[in-house]
Every structure is written in structure tokens, then in C-alpha cells.
Colleague: 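One structure, as C-alpha cells, below. Some questions next.
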Amino acid sequence: MHFQWYPGHMTKAKRTMQEDIRLIDVVIELVDARIPHSSKNPDIDQLAANKSRILLLNKSDMADPASLDPWIRTYTGKGYLALAINAKKKNELKKVNALIQEACREKMERDRKRGILNRPVRAMIVGIPNVGKSTFINSFAGKACTKTGNKPGVTKGKQWIRLNKQVELLDTPGILWPKFEDQVVGQHLAFVGAIRDELIQSMDLALDLIEFLTESYPGTLEQYYHVDESADSAELLCQLAKNRGCIAKGNETDYDKAAFLLLDDFRNARIGRITIEKPE
């Protein structure tokens with residue numbers, strides 16, 4: 001299965017971000033804690049060159065807890081200020097504010113020496129679609145100041161949000177990159193819903209997910225769906241469909257419905273906290 005999704009508004013959004021970056025003191029990139037490598041847009045590194053960088057592993061409540069510290073160490077070693085967060089929990093965002101101040105300490109000191117006092121730090125929020133940027137900003141600001149949704153591509157234009165006297169945020173639309181060099185990256189993005197479901201073969205993707213889960217998290221499907229994991233992936237999906245009543249007209253098994261059910265359960269962590277990628 002070939003994975004690709006780069007609609008026209010993403011080209012425009014990237015061009016706008018390139019124009020706005022000169023106004024920015026620090027770039028805050030959100031990645032999905034379940035796929036911290038595949039959800040990190042490689043174009044951002046070029047866009048944010050010479051800027052302070054913060055990397056937030058969002059949706060950490062859905063990721064395998066054992067994977068979080070190794071990923072934080074990996075990105076810290078690459079020069080980022082890294083932190084695992086759940087954007088829905090406001091109390092965790094105090095740590096983010098502290099990171100922003102740390103990232104901009106030198107800049108704030110230069111301003112002070114020039115007699116520039118109380119100029120707010122300007123931060124750009126970037127990330128792929130459906131990574132939780134709008135939820136993060138709404139929680140951080142304490143009000144519903146951006147639209148949120150559980151589908152990729154909700155935010156279409158830039159928005160400035162004044163958080164407090166110290167920080168201004170520039171929200172940006174979620175963007176991918178024009179071509180996935182590694183189709184495994186595309187597969188992982190599809191797993192978490194960063195690529196529109198209309199563009200994927202749901203049953204093939206579900207079979208790939210079943211194969212991963214039985215190998216990396218044995219017993220998970222058996223416990224949640226009461227299936228026999230000794231069966232192959234296709235038979236497991238068939239068992240899942242029957243156990244969950246995925247029946248189409250004519251009493252036929254509805255494999256597409258079963259596939260979307262599995263994907264939705266994974267994306268919402270109903271089957272457990274699972275991380276697809278581990279740091280090398």
C-alpha cells in the first residue's frame with residue numbers, strides 16, 4: 001500500500017511559515033508520542049534553522065510509558081528541549097512555560113541589556129496534522145481560542161494567540177512533507193490518523209496493525225477482543241469482526257467495519273498504551 005497526502009493548502013502553509021519564521025524566537029514542535037520519529041516533519045529542521053527548539057511528545061497518555069524517557073533522551077541528545085505531555089492536562093503545561101523561558105533565556109538577557117523590557121517571547125507551534133496542536137493551545141491559553149477536531153487538517157490558517165504577558169503563540173496548520181522516502185513512515189502516520197482515512201486501504205492497514213501488535217504487544221488483542229492470537233492476521237480480523245458484531249447485509253462479515261473499529265480503538269488507546277516506534 002502506498003501512503004501519500006499533501007493537499008494544496010499545505011504548500012501554502014509551508015510558504016507562509018517560511019515568511020513568518022523571522023518573527024519567531026522559539027519553535028515548538030509537537031510530535032505523537034506513539035510515533036516520535038514518523039510524526040516529526042523533516043522540513044521543520046530546515047525551516048527552524050538557527051532558532052531555539054522545543055520538542056513536545058504529545059499524547060503521552062496513549063504511549064507505552066516505558067518508551068517515553070528513551071525518546072526524550074534521544075531528542076535531548078540532538079539538541080532539543082524535549083518533554084512528554086498530555087495536552088489535555090493543563091497542570092502539565094506549566095513545564096512547557098518553563099521550557100520556553102529556558103529556551104529564550106539568552107534572547108531575554110540580550111533584550112534586558114538593550115533596555116527592552118517585558119517584550120513577550122514569540123513561539124511558533126508546528127506539527128503534522130492531528131498531532132494535537134489546537135488542543136495544546138486551548139489548554140495552554142485556558143480558553144477555546146482555536147478550533148479542534150479529531151480529523152487531520154482542521155486548522156487551515158495562521159493565528160496569533162496572546163497567552164500572557166510573557167508568551168505569544170503563532171499557531172500554524174498541520175503540514176506533512178511532499179514525499180515519504182520510507183513508506184513505513186506513511187504506514188505509521190496512517191496508524192495514528194495523521195493521513196485521511198479516505199485515502200487508505202483500511203483493511204490492509206488493520207492487518208498490518210494486527211501483525212505489529214501480535215509481535216510487539218502479544219496478548220493485547222486476545223485480552224481486549226477475545227480472539228486467538230495463534231491465528232494469522234486475516235483470521236484474527238475475522239474473529240474480531242464476529243466477536244464485535246461487524247455484519248453486513250446478507251449476514252456477510254463486514255471486514256471494513258472491523259478494520260475501522262480496530263484502528264479507532266488503537267488511536268484512542270482503548271486496547272492499551274502502545275508505542276509503534278522505539279529509538280535506535
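The analysis underlying the following values was restricted to heavy atoms, covering all of them including side chains, and did not include hydrogens, waters or symmetry mates. Source: prediction; values computed, not measured.
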Colleague: With rounding to the nearest 0.5 Å, note down the distance linking CG in D264 to NZ in K257.
Modeller: 12.5 Å
Colleague: Side-chain contact, heavy-atom cut-off 4.5 Å: Q101 with N97?
Modeller: yes
Colleague: Using every non-hydrogen atom in the two residues, find where I35 and E277 come nearest and quote the distance to one decimal.
Modeller: C-OE1, 3.1 Å
Colleague: Report yes if the side chains of T135 and K88 come closer than 4.5 Å at any heavy-atom pair, otherwise no.
Modeller: yes
Colleague: So, does N41 use its side chain to make a donor-acceptor pair with the main chain of D43 at under 3.5 Å?
Modeller: yes
Colleague: Linking I/L/V/M/F/W/Y whenever any side-chain heavy atoms sit under 4.5 Å apart, do L68 and Y217 land together?
Modeller: no
Colleague: Can you confirm whether E106 is buried at CD, in the sense that more than 12 heavy atoms of other residues, nucleotides or ligands lie under 6.0 Å from that atom?
Modeller: no
Colleague: Which heavy atom of N130 sits nearest to which heavy atom of V192, and what is that distance?
Modeller: ND2-O, 3.8 Å
Colleague: Rounded to the nearest 0.5 Å, what separation is found between the CH2 atom of W71 and the CG atom of D69?
Modeller: 13.5 Å
Colleague: Looking at K51, I want to see if its NZ is surrounded by more than 12 non-hydrogen atoms of other residues, nucleotides or ligands under 6.0 Å.
Modeller: yes
Colleague: Using modelled atom types and a 3.5 Å cut-off, is there a donor and acceptor pairing between side-chain atoms of R273 and backbone atoms of D64?
Modeller: no
Colleague: Can you hop from V96 to I72 via hydrophobic side chains spaced under 4.5 Å?
Modeller: no
Colleague: Could you state the interatomic distance from NZ (K90) to CG (N138), rounded to the nearest 0.5 Å?
Modeller: 9.0 Å
Colleague: Taking the side chain as everything from C-beta on, heavy atoms only, tell me whether L170 gets closer than 4.5 Å to L23.
Modeller: no
Colleague: Please report the closest heavy-atom contact between A259 and S202, naming both atoms and the distance.
Modeller: CB-O, 3.5 Å
Colleague: Could you give me the CA-CA distance, side-chain angles and deciding distance for L236 and Y225, then say whether side-chain contact (heavy atoms from CB on, under 4.5 Å) is met?
Modeller: CA-CA 10 Å; L236 274 174; Y225 294 112; over 6 Å; no
Colleague: Any sub-3.5 Å donor-acceptor pair from D265's side-chain atoms to I271's backbone N or O?
Modeller: no
Colleague: For a 4.5 angstrom cut-off between non-hydrogen side-chain atoms, does Y255 reach C246?
Modeller: no
Colleague: Return the CD1 to NZ distance between I125 and K133, rounded to the nearest 0.5 Å.
Modeller: 9.5 Å
Colleague: Going from CG on L47 to CE on M124, what distance comes out if it is rounded to the nearest 0.5 angstrom?
Modeller: 6.0 Å
Colleague: When hydrophobic residues are tied together by side-chain contacts of less than 4.5 Å, even through go-betweens, does L189 share a cluster with L207?
Modeller: yes
Colleague: Can you measure from NZ (K242) to CG (D254) and round to the nearest 0.5 angstrom?
Modeller: 13.5 Å
Colleague: Just by modelled atom types, is the E211 backbone N or O under 3.5 Å from a matching donor or acceptor in the T214 side chain?
Modeller: yes
Colleague: Using the rule that Ile, Leu, Val, Met, Phe, Trp and Tyr join whenever any side-chain heavy atoms are under 4.5 Å apart, tell me whether L221 and M62 fall into a single cluster.
Modeller: no
Colleague: Mind listing the closest non-hydrogen atom pair of D45 and K40 along with its distance?
Modeller: OD1-NZ, 2.9 Å
Colleague: Using every non-hydrogen atom in the two residues, find where S230 and D228 come nearest and quote the distance to one decimal.
Modeller: OG-OD1, 2.7 Å
Colleague: Same cluster for I195 and F191 if Ile/Leu/Val/Met/Phe/Trp/Tyr side chains link at under 4.5 Å?
Modeller: yes
Colleague: Look at the side chain of Y75 and the backbone N and O of P36, then say whether any donor-acceptor pair between them is shorter than 3.5 Å.
Modeller: yes
Colleague: Would the distance check show the side chain of R34 and the main-chain N or O of R267 forming a donor-acceptor pair, the cut-off being under 3.5 Å?
Modeller: yes
Colleague: Are there more than 12 heavy atoms of other residues, nucleotides or ligands under 6.0 Å from atom CD of E235?
Modeller: yes
Colleague: Just by distance, do the side chain of N243 and the backbone of H226 share a donor-acceptor pair under 3.5 Å?
Modeller: yes
Colleague: In a check of side-chain hydrogen bond (donor to acceptor under 3.5 Å, both in side chains) between T275 and each of S60, S67, S216, which one passes?
Modeller: S67
Colleague: If you apply the rule side-chain contact (heavy atoms from CB on, under 4.5 Å), what do you find for V131 with K59, and how did you get there?
Modeller: CA-CA 8 Å; V131 78; K59 304 188 180 183; 5.7 Å; no
Colleague: What verdict does the side-chain contact (heavy atoms from CB on, under 4.5 Å) test give for I274 and L213, after you've listed the backbone C-alpha separation in whole Å, the side-chain angles of each residue and the deciding distance to 0.1 Å?
Modeller: CA-CA 9 Å; I274 292 166; L213 291 171; 3.5 Å; yes
Colleague: Can N251 and I247 be said to form a side-chain contact (heavy atoms from CB on, under 4.5 Å), step by step?
Modeller: CA-CA 6 Å; N251 207 33; I247 307 299; 3.6 Å; yes
Colleague: So, for A48 and V27, which heavy atoms are closest and what is the spacing to 0.1 Å?
Modeller: CB-CG2, 3.7 Å
